[in-house]
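Only this structure's heavy atoms are used, side chains among them; waters, hydrogens and symmetry mates stay out.
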Amino acid sequence: MRKKISRREAIRQTLRAAAITAAGSVLPAMHVSSTSGFSYNRQSYSRLRVAVIGAGAFGGWTALHLLREGYAVTLADQYGAGNNQSASGGETRLIRPFYGNQQLYFDMALRSLSHWKKLEAQTRKQIYYPQGLLLLQHEGAVIPGDMAAAAMYRHAGIQLEQLSPSAAALRWPLIDTTGLAKVWYDPASGFLSAREGCKTVLEQFIKEGGHFVQAQASLPGHIDGRLQALSLSNGQRLEADVFVFAGGPWLLRLFPNLAPLKVTRQGYFYFAPPASLHTAFAQLPTWVNWPADGQLSYGVPAFDGRGFKIAITIQEDISDRFDTYARYLRPEELQQAQEVIQRRFPVMAGRPLIEQRICQYTETPDKDFILDRHPQADNVWIAGGGSGHGYKHGAAMGELAAANISGRLPVEPRFRINRWQP
């Protein structure tokens, strides 16, 4: 009989990575061997069939973790892993454990990073780019929980520097630090190759014995107690013992009254650096510009020839048309990005725009994720509400989902689907 432990201790043991060294290595947490053979804690679930709907960061990693526990897993996605309409599409995503006083997300980001590094070793593909992270804190701006975050870094043995604006300007002369109160530098953070990451997870899932089908899944008219099967757009019927829905914004269509989700429209742009400075801009850290009004912007170095990326805050609600509207950015939004560029990266002022993209967030009211059992179906699980920060936690979310589904861990209260009910 398995010894019972508290929920807090169980979550801590599973999600918390012990440390990141200056070289960026992550010590393994429970259930994953530190040897190069990557042995997994496979359990006797081989007779149980699981269908995971959605091959983004949440769904792909959930399918892979469940497969490694011994389940027979089918992963389905209507457009394929990393597609342009998905919440996990696009070229890059930041990954950082800096989360103010939120220990849960600090731990999950580190745990996710450890999974990405192991996947890189298995596949011999680079997905994580350890460029570092700069938080550019404006005068008068408050970063909630920054001192608590610094304490978490120290406790985990991770370097986090607090620099004066003048010291930061000396180290990164391409950045204008005028008007900043301080600069935080985390050399252990960076960015992930998002589209490539989703595809690599899918490839590894198939390599290890998982089954993938590219088709749209439809629910029966009514779910009462237990779901038996889904209809697929290719005419097949997908039967399973357990169903996991990780459909990003499509959760609103599949389960319209289940949770108060909304989809918001965000934007990002790529600008061409001067040819003489292209290498310098490719070597910059990732960055978050934190003004006093809270209208954050962030960026990624000139990666893979795409140009210098800047993302801005828009927050336009598009819940009723997230997959039917034309995805273009407006002139005033371009101007907003150009103003940030001119203020913080003056040598980029006036540089040509070479690409623009829309990014969609599927948000919960409190910005915490959803990972819970459907209240009307005991074999249906919902994983969603990425709220703009889901990709960086996707690998740990998949691990937690597998632990919840197998019964090894209880559902995290912050992720419960009924938490908004009185």
Side-chain angles (χ1 to χ4, degrees), residues 8 11-12 15-17 20 93-113 132-165 168 175 177 179-191 260-262 264 266 285-300 310-315 336 340 343-344 359 361-371 385-394 396-397 412-416 419-420:
R8 183 183 297 274
I11 295 287
R12 187 192 69 80
L15 292 179
R16 191 166 189 176
I20 293 184
R93 294 289 190 281
L94 300 187
I95 184 164
R96 55 173 171 81
F98 194 106
Y99 260 86
N101 61 359
Q102 300 191 61
Q103 184 75 57
L104 175 62
Y105 288 128
F106 179 89
D107 293 342
M108 289 183 69
L110 295 187
R111 186 63 181 144
S112 287
L113 187 54
L133 168 73
L134 290 171
L135 296 178
L136 308 175
Q137 183 175 349
H138 290 218
E139 292 175 351
V142 176
I143 299 179
D146 54 356
M147 292 298 107
M152 292 177 201
Y153 274 77
R154 287 194 301 272
H155 184 70
I158 310 171
Q159 183 182 10
L160 179 66
E161 298 181 55
Q162 183 178 326
L163 304 171
S164 68
I175 303 175
T177 61
L180 297 180
K182 68 180 73 166
V183 175
W184 296 93
Y185 177 52
D186 171 6
S189 290
F191 67 91
L261 294 172
K262 72 173 180 179
T264 60
Q266 312 290 334
T286 63
W287 52 274
V288 177
N289 190 54
W290 204 300
D293 63 6
Q295 295 297 302
L296 303 186
S297 54
Y298 67 90
V300 175
I310 173 173
I312 60 173
T313 301
I314 299 175
Q315 294 284 17
Q336 182 182 340
V340 176
R343 184 72 184 87
R344 290 289 161 229
C359 178
Y361 295 174
T362 305
E363 298 185 273
T364 63
D366 55 15
K367 303 300 187 290
D368 283 333
F369 308 141
I370 294 173
L371 179 54
S387 298
H389 64 128
Y391 197 101
K392 65 176 61 67
H393 301 290
M397 273 286 284
E412 162 60 41
R414 288 180 67 172
F415 300 161
R416 287 197 176 278
R419 63 185 185 265
W420 298 281

Quick one: side-chain contact (heavy atoms from CB on, under 4.5 Å) partners of [X], sequence neighbours excluded?
X    : answer
E139 : A181
R419 : T364, D366, D368, I370
S297 : W287, N289, V340
R93  : A194, C359, Y391

If we only count heavy atoms from C-beta on, is the [X] to [Y] side-chain gap below 4.5 Å?
X    : Y    : answer
P165 : L136 : no
W184 : I143 : yes
I158 : L110 : yes
L133 : Y185 : no
E412 : F369 : no
V183 : Q137 : no
L135 : Q162 : no

List the atom of [X], the atom of [Y], and the distance in Å for their closest heavy-atom pair.
X    : Y    : result
H393 : A109 : ND1-N, 3.5 Å
L180 : H138 : CD2-CD2, 3.6 Å
S189 : P97  : OG-CD, 3.2 Å
Q295 : D293 : N-OD1, 2.9 Å
A396 : S112 : N-OG, 3.0 Å

> Would you say the side chains of Q266 and T264 form a donor-acceptor pair under 3.5 Å?
Replying inline: yes
> Step by step, would you call K182 with L163 a side chain to side chain contact (heavy atoms under 4.5 Å, CB included)?
Replying inline: CA-CA 6 Å; K182 68 180 73 166; L163 304 171; over 6 Å; no
> Hey, would you say the Y105 and H389 ring centroids sit under 6.0 Å apart?
Replying inline: yes
> Centroid-to-centroid, Y99 to F106, below 6.0 Å?
Replying inline: no
Verify, without hydrogens or angle tests, whether [X] (side chain) and [Y] (backbone) share a donor-acceptor contact under 3.5 angstrom.
X    : Y    : result
T177 : A168 : no
S387 : G385 : yes
T286 : G299 : no
Y153 : F98  : yes

> Hey, mind stepping through K392 and M108 against side chain to side chain contact (heavy atoms under 4.5 Å, CB included) and telling me if it holds?
Replying inline: CA-CA 9 Å; K392 65 176 61 67; M108 289 183 69; over 6 Å; no
>> Applying the side chain to side chain contact (heavy atoms under 4.5 Å, CB included) criterion to P285, which one of L134, D186, V300 satisfies it?
In response: L134
>> So, using side-chain hydrogen bond (donor to acceptor under 3.5 Å, both in side chains) as the criterion, who are the partners of T362 when residues are at least two apart?
In response: none
> Residues in side-chain hydrogen bond (donor to acceptor under 3.5 Å, both in side chains) with W290, at least two apart?
Replying inline: none
>> Assess the residue pair Q102 and R414 against the criterion (side-chain hydrogen bond (donor to acceptor under 3.5 Å, both in side chains)); give the C-alpha distance rounded to whole Å, side-chain angles, the decisive distance to 0.1 Å, and a yes or no.
In response: CA-CA 11 Å; Q102 300 191 61; R414 288 180 67 172; 2.6 Å; yes
